[in-house]
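These notes are about the structure you will find just below.
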Protein chains: 2
Amino acid sequence: MDRRVTKKNDDASGKERPTLKTLAFMTGLGVTTVSRALKDAPEIGAETRRRVQLVAKQIGYRPNRAGVRLRTGKTNVISLVLNTEHELMSFVSDIIYGVTEVIADTPYHLIVTPYSRSQDPLDPVRYLVETGSADGVIISRTQPNDPRARYMLEHGVPFATHGRTDMGLVHPYHDFDNYAFAGEAVRALAGKGRNRLALVTPPVGLTYFRYTVNGFADALSEVGASEVPFNTVSIDHTIEQIRMRTAQLMRRDDRPDGIISSAAAATLAVVAGIEDAGLKLGRDVDVVSKQSSEVLHLFRRELLVVNEDFRLAGSELARAVLGWIAGKEPGSLQSLSKPSEVLPYRG
Amino acid sequence: MDRRVTKKNDDASGKERPTLKTLAFMTGLGVTTVSRALKDAPEIGAETRRRVQLVAKQIGYRPNRAGVRLRTGKTNVISLVLNTEHELMSFVSDIIYGVTEVIADTPYHLIVTPYSRSQDPLDPVRYLVETGSADGVIISRTQPNDPRARYMLEHGVPFATHGRTDMGLVHPYHDFDNYAFAGEAVRALAGKGRNRLALVTPPVGLTYFRYTVNGFADALSEVGASEVPFNTVSIDHTIEQIRMRTAQLMRRDDRPDGIISSAAAATLAVVAGIEDAGLKLGRDVDVVSKQSSEVLHLFRRELLVVNEDFRLAGSELARAVLGWIAGKEPGSLQSLSKPSEVLPYRG
DNA sequence: CCAATATACTGAAACGTTACAGATTGCCAA
DNA sequence: TTGGCAATCTGTAACGTTTCAGTATATTGG
């Protein structure tokens, strides 16, 4: 008996993962027709289309990603580029969850591309672009003049930035309105009679540093309060550094009676520093802080908080990149999220 | 002049990404030879090998992932499967960073595969296996009898679990020694004269729930302390629920004088609950808590903490999957990390 | 000196997909 | 009847890689 080697997938034998060839065999059509039928191409008869799609669903056909990617260059991948040292912790998981929520019912996968402090932030982006590893990229820690954004624009790679740029170039972004946040915070403190205010800033160099500082400054003159400079730390510093510097600050004669903090982790340190200096929150000084989860009021109920929703940011960023990939205007894919009110503790 | 269509990559024209064909053209060799030379195949002459590798480095050749994947089935992808609702926040980013650290100088990419509460946890794993989307998988929230682990073993997919299983099946894992943690915690509280202890457990059903409860129970009888049952909450409950239940508990006559908490977030709620009941930490009750970043001592310095390093967990898990993929014995890729001592605040 | 063998290389095929350039059929107008 | 055209469908090639089955040349043993 002549037992020829059978070309693996010509039969619908069962065990192997179905391909277009399998579908073609089962429907009695050509591979090309099947391919087109599945993507609703116009030159396929309505009945054929339905038949193919039915069979495909029945046997659980899933296009082979490698095949598509090799042929078309489309990766069906979104990459989230993260700094593995600076990024605040809770921040990251929330963004990831936000992104995954949006891409859940798309064919996209999310890959996390890390880079460390020692590296040029452009490195991972260059890698992604050069190797064509993603259809879209999301970056954070955005700078006013951001080489990564410029690079991707030049190379025609869709992306979205967490935070705005200021280069006269238009691209999708999502940002929290830190100008408004700082302003609200100042007004809230002024409302409590505080008029010598200090600011724990975002990392110098990032765009939202500017927005925060400007919002702070404008509101200060608006309410007639004055600034107590506190430039020695930012929220990128360690807990210990912030705590120590805050304690130093609070022991001075010209200490502030109100502090605004741009991140929850920093706030923990700030409060510790205040207490190290023998002062009491709510009595000697009030603190307004951003937070991304309801944690600060458990810490000290005297704190005033403003909520920033990073899961929302993740979703918005994902929507933005997908939109750009789908051909929408980059300029129409920008969003700014307003801060919540300044919230006191309510038991 | 006869201007023929040139087959895109036959020349070393420059702009296109180099492929094996490009290298073959440049070196004057065949594509096969180049492919083999790059992976140090034995049948290639030493000089040829060096020459090819030199040229490849010079022009920055990177193998096309889709090509490799299509031909060999190798994806060069590790997937981290995450529950988007339960996973504690800081937890996640640390694990991700740990994983990326390890795969940074490998060709592997990390993809994050999410699933939500409503879904069967097996769903994402089934998807990954069926579509062959990853060479290795990392899962967390491991159960004693874990269908995901069983499924992947059956399908021959390398994986590692964060937490152990108890099915008599051998596979790589990394776990924190929660039995030791609970024991240490009990002994530390006993050392402070506390002998009526309550436990805020991990989620019922996960393996480390058992280890924690057993470590707690064994140490209780060892030191002659007794348990105050507190089964109404676990660390999966909301801050509000834990806080309320703790307050209820602490208002009872038979309230505990020591509490052990399995997660930092829960501890914040526990302390709030204690204070809601009008009691004082360190005087009326002591609390020992796990934490993954140095945050609890800023919160209340009376707290006793034990550190769990999730970044380490991520690294170990990544190493384990890669090891299994590389052919090592699954049984040799298991690790258990010992808890730190129980640490009081030190100014 | 011949055959066997080792060494160094090569072309063709295949992985699953899509795009291109047909092929076949039926229908209608001239 | 014939030519044209629309409506459907199809085969082939190509994306970049690895594997299989060679080929050509030099080297060795008898």
Side-chain angles (χ1 to χ4, degrees), chain A residues 4-10 12 16-52 56 59-76 107 130-133 135, chain B residues 5-10 12 16-53 56 59-76 107 130-133 135:
Chain A
R4 309 289 293 269
V5 176
T6 74
K7 283 175 69 202
K8 196 181 103 194
N9 218 332
D10 274 1
E16 299 289 339
R17 188 149 95 93
T19 70
L20 288 181
K21 214 193 240 171
T22 320
L23 283 177
F25 176 80
M26 294 180 71
T27 55
L29 296 164
V31 175
T32 305
T33 309
V34 173
S35 171
R36 290 164 112 102
L38 287 177
K39 46 176 55 73
D40 290 319
E43 63 265 72
I44 301 296
E47 196 206 309
T48 307
R49 193 205 320 285
R50 280 206 320 275
R51 200 158 59 88
V52 170
I59 65 173
Y61 167 76
R62 313 256 201 165
N64 178 307
R65 311 190 115 233
V68 175
R69 181 164 170 177
L70 180 57
R71 177 65 235 239
T72 64
K74 178 132 218 272
T75 62
N76 284 307
E130 282 177 0
T131 61
S133 288
D135 297 335
Chain B
V5 176
T6 75
K7 285 174 70 200
K8 195 181 103 195
N9 218 332
D10 275 1
E16 300 289 338
R17 190 149 94 93
T19 70
L20 289 182
K21 216 194 241 173
T22 320
L23 283 178
F25 176 79
M26 293 180 71
T27 55
L29 295 162
V31 174
T32 305
T33 310
V34 172
S35 171
R36 290 163 114 105
L38 286 177
K39 48 177 52 73
D40 290 319
E43 63 267 70
I44 301 295
E47 197 205 309
T48 307
R49 194 204 317 287
R50 281 206 320 275
R51 200 158 59 89
V52 170
Q53 290 180 355
I59 66 173
Y61 168 76
R62 314 259 204 163
N64 178 305
R65 312 191 116 234
V68 175
R69 181 165 172 177
L70 180 57
R71 177 64 233 239
T72 65
K74 178 131 218 271
T75 61
N76 284 307
E130 283 177 359
T131 60
S133 289
D135 296 334

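These figures come from a predicted structure and were not determined experimentally.
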Distance-minimising heavy-atom pair for Val68(B) and Pro63(B): CG2-CB, 4.3 Å
Closest non-hydrogen atom pair, Arg69(A) against Ala66(B): CG-CB, 3.6 Å
On the nucleotide [N], are OP1 or OP2 found under 4.0 Å from the side-chain N or O atoms that [X] carries?
X	N	result
Tyr61(B)	dT17(D)	yes
Thr48(B)	dA8(C)	no
Lys21(B)	dG16(D)	no

Round to the nearest Å and state the distance from [X] atom [atom1] to [N] atom [atom2].
X	N	atom1	atom2	answer
Glu16(B)	dA14(D)	CD	C1'	14 Å
Arg49(A)	dC9(D)	CZ	C1'	13 Å
Leu38(B)	dT19(D)	CG	P	13 Å
Leu20(A)	dT12(D)	CG	P	17 Å
Ile44(A)	dA6(D)	CD1	C1'	14 Å
Asn64(B)	dT17(C)	CG	P	16 Å
Lys74(A)	dG16(D)	NZ	C1'	20 Å
Arg71(B)	dC15(C)	CZ	C1'	6 Å

Residue whose nearest DNA chain D nucleotide is more 5′ - Leu70(B) or Thr32(B): Leu70(B)
Would you mind telling me which of [options] lies closest to the side-chain atoms of [X]?
X	options	value
Glu43(A)	dT8(D), dA14(D), dT19(D)	dT8(D)
Lys39(A)	dC9(D), dT17(D), dT18(C)	dT18(C)
Thr33(A)	dC9(C), dT10(D), dG16(D)	dT10(D)
Val68(A)	dT17(C), dT10(C), dC9(D)	dT17(C)

Applying a 4.0 Å non-hydrogen cut-off, can you work out what [X] is touching in the nucleic acid: base, sugar-phosphate, or nothing?
X	value
Gly67(B)	base
Arg36(A)	base
Ser35(B)	base

Whether Asp135(A) side chain and Lys74(A) backbone form a donor-acceptor pair below 3.5 Å: no
Arg65(A) side chain vs Thr131(B) backbone, donor-acceptor pair below 3.5 Å: no
The helix from dC1(C)-dG30(D) to dA30(C)-dT1(D): angle between end helix axes, five pairs per end, rounded to 10 degrees: 60°
Residue pairs, two or more places apart or on separate chains, that pass salt bridge (charged side-chain N to carboxylate O under 4.0 Å, His left out) and touch residues 23-32 of chain A: none
Under 3.5 Å, which donor-acceptor pairs link side chains of residues 28-40 of chain B to any protein atom two or more places apart or in another chain?
from	atom 1	to	atom 2	distance (Å)
Arg36(B)	NE	Glu43(B)	OE2	3.4
Arg36(B)	NH2	Glu43(B)	OE2	2.6
Asp40(B)	OD1	Gln53(B)	NE2	3.0

Flag side-chain contact, heavy atom, 4.5 Å: Arg51(B) against Thr27(B): yes
Nearest-nucleotide comparison on DNA chain C, the residue closer to the 5′ end among Thr72(B) and Val31(B): Val31(B)
Separation of Thr19(A) OG1 from Asn64(A) CG (nearest 0.5 Å): 8.5 Å
